[in-house]
2 protein chains.
Amino acid sequence: MNIGTAAEQANLPPKTIRYYEEIGLVTPSRADNGYRDYSDKDVHRLRFLQRSRSLGFTIDECRHLLSLYDDKHRASADVKAMALEKVGEIDRKIAELQSLRDTLATLPRHCHGDGRPDCPIIDDLAGERASA
Amino acid sequence: MNIGTAAEQANLPPKTIRYYEEIGLVTPSRADNGYRDYSDKDVHRLRFLQRSRSLGFTIDECRHLLSLYDDKHRASADVKAMALEKVGEIDRKIAELQSLRDTLATLPRHCHGDGRPDCPIIDDLAGERASA
DNA sequence: ATAGGGCTTCCAGTCGCTGGAAGGTCAAGG
DNA sequence: CCTTGACCTTCCAGCGACTGGAAGCCCTAT
């Protein structure tokens, strides 16, 4: 199967698939004309990548997950630990964004927001008010 | 004032400050020995950048904010609109992460997480269960 | 005189793609 | 048989916002 078809089935752009090959995540065989030839197994791998990437795993984590996927004797504990660690990471990121949001949201509240030049937001950014 | 001192006062690494100069955000004068020489005004600008960056504005937005900061006749409406738009962006990002988190958090719940090789998380990533 | 720290420039790398150029291949239509 | 257009190939460059490192100058203290 050509890269375009594989791309459709894996829901990934061809460019990305070629990139994944470049960094050693998938290694399709080649047809006589030099075109990449994807097997169902390759596509399976690509879908695995698509899904784990979309869940926020980095490329290196995906590499690790794939090796666990290939390893018939893996311990499910390893995988579970990775998933839980990732959930923790996302939680931390959410909390960070939340506090960012709260800080940022206070700024416009003191700003009359009309054509006048004095602007409490700018003042705050410039540190002309008490602020972190 | 040398870059090291400016860096301390602005709470930014020297490398970052040089980078900001390279992209035209701050242009300190130079001492006779070729060292960058930061005025209080420069440091003020750097702090402005530090704060707006840490609030999640991109470099280009910071550039815009700085030009509003320099413009004594700016309309506060412009600034307010940027701040509100940014809050919306952050809200969207939080929501996205939240749904990501929810999806990801369901995976470990079905995984016994011991030394056995069968792992529902891997199965899910591989698409061997019904999943998006 | 020398040792150290800070400063300078420039180049390369990060992460995960994405865009574009230049050219080969293939299937369908005239 | 020829052309058109879609698809494929490779390679190189760029995104954002820095960060690390090398090579070398400058300044101060001992």
Side-chain angles (χ1 to χ4, degrees), chain A residues 1-39 42-43 45-66 86 89-90 93 96-97 100, chain B residues 1-39 42-43 45-66 86 89-90 93 96-97 100:
Chain A
M1 159 186 358
N2 281 351
I3 198 169
T5 317
E8 248 173 69
Q9 296 200 14
N11 195 26
L12 283 171
K15 276 270 184 190
T16 301
I17 297 181
R18 288 193 198 100
Y19 171 69
Y20 286 171
E21 180 176 351
E22 194 186 321
I23 61 175
L25 290 176
V26 268
T27 45
S29 56
R30 295 287 179 138
D32 290 344
N33 56 11
Y35 286 18
R36 288 169 180 82
D37 185 15
Y38 293 87
S39 68
D42 290 328
V43 172
R45 243 178 130 73
L46 288 172
R47 271 216 298 256
F48 187 105
L49 283 167
Q50 186 300 311
R51 178 143 170 81
S52 31
R53 284 290 298 132
S54 79
L55 284 175
F57 290 98
T58 67
I59 289 282
D60 265 2
E61 286 162 345
C62 290
R63 202 186 297 275
H64 190 182
L65 284 168
L66 268 180
K86 207 70 203 172
E89 253 173 59
I90 294 175
K93 199 170 283 179
E96 204 179 301
L97 279 177
L100 189 62
Chain B
M1 151 185 5
N2 281 351
I3 197 170
T5 316
E8 247 173 72
Q9 296 200 12
N11 194 26
L12 283 171
K15 276 270 184 190
T16 301
I17 297 181
R18 288 193 200 98
Y19 172 69
Y20 286 170
E21 179 175 352
E22 194 186 321
I23 61 175
L25 290 177
V26 267
T27 45
S29 57
R30 295 288 179 135
D32 291 344
N33 56 10
Y35 285 19
R36 286 169 181 81
D37 185 15
Y38 292 86
S39 68
D42 292 328
V43 172
R45 241 177 132 73
L46 288 172
R47 272 217 296 258
F48 187 104
L49 283 167
Q50 185 300 311
R51 177 141 172 83
S52 32
R53 284 291 297 131
S54 78
L55 284 175
F57 290 98
T58 68
I59 289 282
D60 264 3
E61 287 163 343
C62 289
R63 203 186 297 275
H64 190 181
L65 284 168
L66 268 180
K86 207 71 202 169
E89 254 173 60
I90 294 174
K93 199 170 281 179
E96 205 178 302
L97 279 176
L100 190 61

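The shown structure was predicted, so the numbers you read here are calculated from the model rather than taken from an experiment.
Residues B:L55 and B:K86 form no side-chain contact, since every pair of their non-hydrogen atoms from C-beta on lies 4.5 Å or further apart. Side-chain contact between A:L12 and A:R47 is absent, with no heavy-atom pair separated by less than 4.5 Å. Between B:R63 and B:I23, some side-chain heavy-atom pair lies under the 4.5 Å cut-off. In this structure, B:L25 and B:Y19 have side chains that are not in contact, with every pair of non-hydrogen atoms separated by 4.5 Å or more.
Atoms CD1 (B:I23) and C1' (D:dC15) sit 13 Å apart, rounded to a whole Å. Atom pair A:L49:CG and C:dG16:C1' shows a separation of 13 Å (rounding to whole Å applied). If you take CZ of A:R30 and C1' of C:dT25, they are 14 Å apart, rounded to a whole angstrom. Rounded to an integer number of Å, the gap from CG of B:D60 to C1' of D:dA17 is 11 Å. If you take OH of A:Y19 and P of D:dA13, they are 17 Å apart, rounded to a whole angstrom. Distance B:N33 CG to C:dG6 C1': 11 Å, rounded to the nearest Å. Look at CD on B:E61: it is 9 Å from P on D:dA17, rounded to the nearest Å. As a whole-Å value, the separation of A:D37 CG from C:dC26 P is 13 Å.
Distances were taken from every side-chain heavy atom of A:R53 (C-beta onward) to each of D:dC18, C:dG16, D:dC8; the shortest belongs to C:dG16. If you check D:dT9, C:dC17, D:dC18 against the side chain of A:Y35, the one that comes closest is D:dT9. Checked against D:dC18, D:dT9, C:dT18, the side chain of A:R18 finds its nearest nucleotide in D:dT9.
Contact record, B:L46 with B:A10: CB-CB, 3.6 Å, taken as the closest heavy-atom pair.
Using a 4.0 Å cut-off on heavy atoms, the residues of residues 1-17 of chain B that approach DNA chain D are B:P13, B:K15, B:T16, listed by number.
Distances shown here put a side-chain N or O of A:Y20 below 4.0 Å from the OP1 or OP2 atom of C:dC17. Side-chain N/O atoms of B:R63 include none lying less than 4.0 angstrom from OP1 or OP2 on D:dG16. An OP1 or OP2 oxygen of C:dT9 is reached within less than 4.0 angstrom by a side-chain nitrogen or oxygen of B:R36.
The main-chain N or O of A:G4 is never found under 3.5 Å from a side-chain atom of A:N2 such that the two would form a donor-acceptor pair. Side-chain atoms of A:D37 come within 3.5 Å of backbone atoms of A:M1 as a donor-acceptor pair (strictly under, hydrogens ignored).
Axis angle between the ends of the helix from C:dA1-D:dT30 to C:dG30-D:dC1, five pairs each and rounded to 10 degrees, works out to 30°.
In this view, A:R36 and A:E21 satisfy the salt bridge (charged side-chain N to carboxylate O under 4.0 Å, His left out) rule, not counting sequence neighbours.
Annotation: the span from B:Q50 atom CD to B:C62 atom SG amounts to 10.0 Å, rounded to 0.5 Å.
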